[in-house]
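Here the structure comes first, spelled out in structure tokens, and everything after it is commentary.
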Amino acid sequence: MMKKLALFILWASGILFVHAQLPQKGMWKDTDGNFINAHAAGIMKYKNTYYWYGENKGGFTSQDPTSHIERVIMGGVNCYSSKDLLTWKFEGVVLPPEPNDRNSDLHPSKVIERPKVIYNKKTKQFVMWVHAESADYSKACAGVAVSKTPTGPFKYLGSFRPNGGMSRDQTLFVDDDGTAYQICSSEENQTLHINRLTPDYLKCDGTYKRALIGMSREAPAVFKYKGKYYLLSSGCTGWAPNKADIAVADSIMGEWTMLGNPCVSENGDKTYMGQSTFVLPLKDRFIALFDEWHPRNLSDSRYFWLPIEIDKKTDRMTIPWREVWEGIKP
Ligand code: DGJ
């Protein structure tokens with residue numbers, strides 16, 4: 001059921017802040033009143049503005065005859081901007097489909113998933129990596145696009161298999177020293193690959209690490225806390241929900257250890273019926289972003305965001321269910 005975004009402007013201690021509540025899995029609307037259409041999202045902060053990039057999923061869902069995977073006509077990548085993480089302005093289809101070129105990865109008959117954008121301070125370019133797929137999911141490539149502005153349009157540079165390996169679900173992570181990594185489900189989704197990128201973030205530099213070998217993890221989201229690296233991921237069961245896990249490592253290219261399922265509330269063994277996509281680092285906390293996929297009608301898929309709770313003594317991370325999403329101080 002669609003619920004209403006309640007927005008209360010409060011004065012506290014002389015500081016204006018916005019307190020808002022957004023019901024989880026409701027149909028979140030943008031500032032034009034349209035439903036936010038940006039699935040398998042990634043968020044990038046640039047100059048006090050958050051940019052939410054996600055898959056444009058519209059129209060009817062059909063099943064690919066070869067892979068039997070449900071899909072919609074590929075609609076490119078949408079972008080929304082916000083200063084408070086609650087009110088989102090539609091910025092357009094920033095990586096649009098190319099309907100006139102059947103061979104393009106961006107032809108509507110193809111699949112583009114899990115867009116993630118990072119900013120390269122040296123080249124002053126916004127760099128987007130996506131999972132570039134064929135309709136039957138046999139291509140398993142990463143695609144790269146660039147833009148001079150966060151709201152595009154992004155110019156598509158092409159796709160490849162990072163370090164020669166398959167690349168399906170994927171994310172990007174920029175370390176404190178500016179080095180970026182693409183983390184992807186590889187080897188038929190059996191093993192994650194952590195691919196170090198060239199300084200311009202457009203290619204792989206040849207150094208990579210096989211991680212969580214044979215553990216069949218996808219939907220990776222990487223973040224850093226107190227010098228350690230954390231990786232939230234799902235199992236591999238198509239659009240169906242399964243158990244999440246958080247892994248930890250001392251170095252991003254180091255040995256990763258699975259810590260177990262952080263979703264500790266009811267239905268946590270199915271990630272509250274969702275799948276991870278991104279972890280957003282804020283000043284004092286981390287927000288985990290999830291998709292709830294509706295494979296019979298993919299364009300009706302929903303979002304829910306949950307804060308990661310960190311035990312102050314042990315650093316153990318849990319993600320309890322919360323019915324409403326509360327905004328942050330802008
Ligand atoms: C699970 C992945 O996480 C999604 O991004 C998508 O590729 C589906 N599989 C397709 O079944």
Side-chain angles (χ1 to χ4, degrees), residues 37-43 52-78 95 105-106 108-117 128-143 159 161-162 165-172 182-193 212 215-222 231-247 263 270-279 288-304:
N37 181 1
H39 306 272
I43 291 185
W52 170 350
Y53 301 91
E55 301 163 11
N56 175 333
K57 283 199 177 318
F60 294 108
T61 301
S62 61
Q63 215 177 39
D64 178 74
T66 314
S67 65
H68 302 292
I69 295 176
E70 292 83 0
R71 64 184 300 276
V72 290
I73 295 293
M74 196 276 288
V77 174
N78 283 349
L95 183 68
D105 290 343
L106 301 179
S109 62
K110 307 289 175 62
V111 173
I112 291 290
E113 291 182 343
R114 298 197 176 263
K116 303 288 176 283
V117 175
M128 179 189 289
W129 283 58
V130 298
H131 170 198
E133 254 314 343
S134 45
D136 65 0
Y137 281 76
S138 62
K139 187 177 172 92
C141 281
S159 64
R161 287 191 165 180
M166 297 173 108
S167 180
R168 289 206 175 94
D169 278 11
Q170 60 109 45
T171 194
L172 298 175
Q182 186 242 16
I183 299 92
C184 64
S185 298
S186 193
E187 305 179 31
E188 292 293 4
N189 295 351
Q190 296 291 298
T191 295
L192 290 173
H193 282 193
L212 305 183
M215 297 201 175
S216 296
R217 306 305 297 175
E218 63 181 5
V222 175
L231 166 65
L232 178 65
S233 67
S234 77
C236 292
T237 51
W239 299 113
N242 54 54
K243 206 186 276 185
D245 202 294
I246 284 195
C263 299
K270 292 269 188 288
T271 315
Y272 312 125
M273 312 316 280
Q275 187 184 31
S276 49
T277 181
F278 192 72
V279 172
L289 278 61
F290 299 86
D291 294 281
E292 184 187 82
W293 299 113
H294 294 180
R296 289 190 183 166
N297 181 7
L298 280 169
S299 56
D300 183 50
S301 299
R302 308 296 172 90
Y303 320 104
F304 61 95

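Whatever order the structure lists them in is the order used to number ligands and atoms, beginning at 1. Position 1 is the first residue of the sequence; numbering continues from there. Nothing here was measured: the structure is a model prediction, and the numbers come from that model.
- For ligand 1 and Gly238, the ligand atoms under 4.0 Å from any heavy atom of the residue are 1 (C), 9 (N), 11 (O).
- With respect to Arg168, the salt bridge (Lys or Arg N to Asp or Glu O under 4.0 Å) criterion is satisfied by exactly one of Glu187, Glu218, Glu133: Glu133.
- Counting only non-hydrogen atoms, the option in His131, Glu70, Arg114 that gets closest to atom 5 (O) of ligand 1 is Arg114.
- Distances below 4.0 Å separate heavy atoms of Ile69 from the following atoms of ligand 1: 10 (C), 11 (O).
- Near Tyr137, meaning under 4.0 Å from one of its heavy atoms, ligand 1 places the atoms 7 (O), 10 (C).
- Using a 4.5 Å cut-off on side-chain heavy atoms (C-beta onward), Arg296 and Thr61 make no contact.
- Every atom of ligand 1 with a heavy atom of Glu113 under 4.0 Å away is listed here by number and element: 4 (C), 5 (O), 6 (C), 7 (O).
- Asp291 places none of its side-chain heavy atoms less than 4.5 Å from the side chain of Ser301.
- At a threshold of 4.5 Å between non-hydrogen side-chain atoms, the residues Phe304 and Met273 do not count as touching.
- Every atom of ligand 1 with a heavy atom of Asp169 under 4.0 Å away is listed here by number and element: 2 (C), 3 (O), 4 (C), 5 (O), 7 (O).
- Under the 4.0 Å criterion applied to side-chain N and carboxylate O atoms, Arg71 and Asp64 are not assigned as salt-bridge partners.
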